[in-house]
Amino acid sequence: MTAPEEDPMRRARRNVVVLLLAQAILGAQMSMIFIVGGLAGQMLSPNPCIATLPLSMIILGSALSARPLSAFMRRHGRRAGFVLACGAGALGAASAAYALMVGNFWIFMASGLLTGIYMAAQGFYRFAATDCAPPEFQSRAISWVLAGGLAAAITGPALVRMTSDLTAIPFLPTYAAIIGLNLLGPVLFAFLDIPRPPAPVAGGPQGRSVGTLIRVPQIAVAMICGMVSYALMNLVMTSAPLAVVGCGFQTSDAANIVSGHVLAMFAPSFFTGHLIARFGAARIVMLGLAILAGAGAVALAGVELSHFFIAMAMLGLGWNFGYIGATSMLTRAYRPEERETVQGLNDAVVFAGVFLASLSSGGLMNCMGGSPQEGWNAVNLAMLPFLVLAGGALLWLMLRPRDLAR
């Protein structure tokens, strides 16, 4: 009889709980950073067109570190990689706090590279949930781990409201709180039970080359859809606080809107895995892309608080279906020996797309047109060609049923 601690489902559920808590507690820092980062950048920036560049540097840090971090985890295990990333997140927040103290935009921008290492690691939580999970549990494991963001959606903005104005230097206590969150990481990950991957055996199965992998239709389309879903969400979310404040509302209104957005990102995760199991990942991704298009339409319809709330909620829901669905498609398209290669490549591609979106966000918002509303409209119109790209690629794949796994 198998000992309880060796039972695959028992181990998988334990890891899901640990990763869900990490998503809930440590993940709160990302909503905090995206609420205050653009506003702090605008305060420090010598040019409003580059106010969101520090947020773009976070994404660049994620894109640059995704593959090396995946390789590090292959050699040293998930726990070591996640703890390392928490250290980088704490250093990034400390650097940002120092930049606010000395009023230096360039130090603030550089601090984002370190924060990006943490963000890349958080992206691997969903993959780590599948490492020891039986195939029939994997979609639900991914979904439940991302559901931890529901708590982060509440605690992150709440911490911003509590800390942003505590000192004469705005947002300084917010970054101090982020340092504290990262220090909890090693405690949480001490309970993670994912064995280190076995070293490659001479003569054993060899994974396909990167060039071959990206030509696999399901892998290529899953990467495109994951990248577009995440990039468009980031494009709009990065500009949203600037648009809300620019249209005459308060920072607290921006925090509430981002809170609603993050709730919509993660609350559906409790049932997204079940929807994927019932209808197939590709259909859920297509629904997510349609909802993202709807979010852009609502945003273009007006700039009342209700428009911001509804558009950002739809943006979160569309991201949830598109991103989780694309992840589920991806995990079924590679062989076990290709796991780290594909996961690292996927997240490098995703965050590269998100970096370009984030880089564009501030320029579109602050330098396209003569008013915040015109800039906000430009941000939302920019979604269209990428939705067409992802939707077209997915439709092509859906017409090739032999390439789709349910």
Side-chain angles (χ1 to χ4, degrees), residues 29-65 87-120 156-157 159-160 163-179 181-182 231 234-247 250-252 254-255 258 351-352 354-372 375-376 378-379:
Q29 66 187 285
M30 297 315 303
S31 60
M32 295 169 70
I33 288 169
F34 279 99
I35 290 170
V36 306
L39 296 171
Q42 195 168 54
M43 182 176 71
L44 297 174
S45 172
N47 186 324
C49 295
I50 59 172
T52 61
L53 190 57
L55 297 180
S56 300
M57 296 304 290
I58 296 174
I59 311 303
L60 179 61
S62 299
L64 294 176
S65 61
L91 286 174
S95 300
Y98 176 74
L100 288 170
M101 291 173 63
V102 300
N104 191 301
F105 176 76
W106 305 109
I107 295 176
F108 186 70
M109 186 178 73
S111 72
L113 290 172
L114 289 166
T115 301
I117 298 173
Y118 168 77
M119 187 175 181
L159 284 169
V160 170
T163 61
S164 60
D165 297 321
L166 285 178
T167 63
I169 302 174
F171 313 125
L172 183 62
T174 304
Y175 283 98
I178 292 169
I179 295 171
L181 291 177
N182 279 292
N234 187 271
L235 172 75
V236 179
M237 185 183 71
T238 299
S239 289
L242 301 178
V244 172
V245 174
C247 289
Q250 302 299 313
T251 301
S252 59
V258 171
F351 285 121
V354 176
F355 168 68
L356 293 175
S358 179
L359 193 64
S360 304
S361 185
L364 289 169
M365 180 66 221
N366 290 327
C367 300
M368 292 293 289
S371 70
W376 180 238
V379 168

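Keep in mind the model is a prediction, meaning the values are calculated, not measured. The first residue in the sequence is number 1, and the count goes up from there.
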Undergrad: Can you give me the closest heavy-atom contact between L53 and M109, atom names plus distance?
TA: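 Residues L53 and M109, closest heavy atoms: CD2-SD, 3.1 Å.
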Undergrad: List the atom of M365, the atom of P372, and the distance in Å for their closest heavy-atom pair.
TA: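 Closest pair (atom of M365, atom of P372, distance): CE-O, 3.2 Å.
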Undergrad: Going from CG on L114 to CG on L91, what distance comes out if it is rounded to the nearest 0.5 angstrom?
TA: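 If I round to the nearest 0.5 Å, the distance is 6.0 Å.
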Undergrad: Determine the minimum heavy-atom distance between T115 and A93, stating which atoms define it.
TA: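 Taking T115 first and A93 second, the nearest heavy atoms are OG1-N, 4.3 Å.
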Undergrad: What are the two closest heavy atoms between S95 and S111, and how far apart are they?
TA: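 Smallest interatomic distance, heavy atoms only, reads CB-CB, 3.5 Å.
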Undergrad: Could you please spell out the steps behind the side-chain contact (heavy atoms from CB on, under 4.5 Å) verdict for L55 and I33?
TA: CA-CA 8 Å; L55 297 180; I33 288 169; 4.0 Å; yes
Undergrad: Can you tell me how far apart CD (Q29) and CG (N182) are? Round to the nearest 0.5 Å.
TA: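 Taking CD in Q29 and CG in N182, the distance rounds to 4.0 Å.
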Undergrad: Could you tell me the separation between the CG atom of L64 and the CE atom of M57, rounded to the nearest 0.5 Å?
TA: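 Those atoms lie 8.5 Å apart.
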Undergrad: Once you round to the nearest 0.5 Å, how far does CG of L356 lie from CG of L60?
TA: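 L356 atom CG to L60 atom CG measures 9.5 Å (nearest 0.5 Å).
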Undergrad: Of all heavy-atom pairs between A63 and A352, which one has the smallest distance, and what is that distance?
TA: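 Smallest interatomic distance, heavy atoms only, reads CB-N, 3.6 Å.
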Undergrad: Do the non-hydrogen side-chain atoms of F105 and P54 ever get within less than 4.5 Å of each other?
TA: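 F105 reaches P54 side chain to side chain.
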Undergrad: Taking all non-hydrogen atoms of both residues, which atom of M32 and which atom of I178 are closest, and how far apart?
TA: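 Taking M32 first and I178 second, the nearest heavy atoms are CE-CG1, 3.7 Å.
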Undergrad: For the OG atom of S239 and the CG atom of L235, what is their distance to the nearest 0.5 Å?
TA: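 The distance works out to 6.0 Å.
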Undergrad: For residues 34-46, dump all side-chain donor-acceptor pairs below 3.5 Å to protein atoms at least two apart in sequence or in another chain.
TA:
{"residue": "S45", "atom": "OG", "partner": "N47", "partner atom": "N", "Å": "3.0"}
{"residue": "S45", "atom": "OG", "partner": "N47", "partner atom": "O", "Å": "2.4"}

Undergrad: Which value, rounded to the nearest 0.5 Å, describes the distance between N234 atom CG and S56 atom OG?
TA: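 Nearest 0.5 Å value for the CG-OG distance: 7.5 Å.
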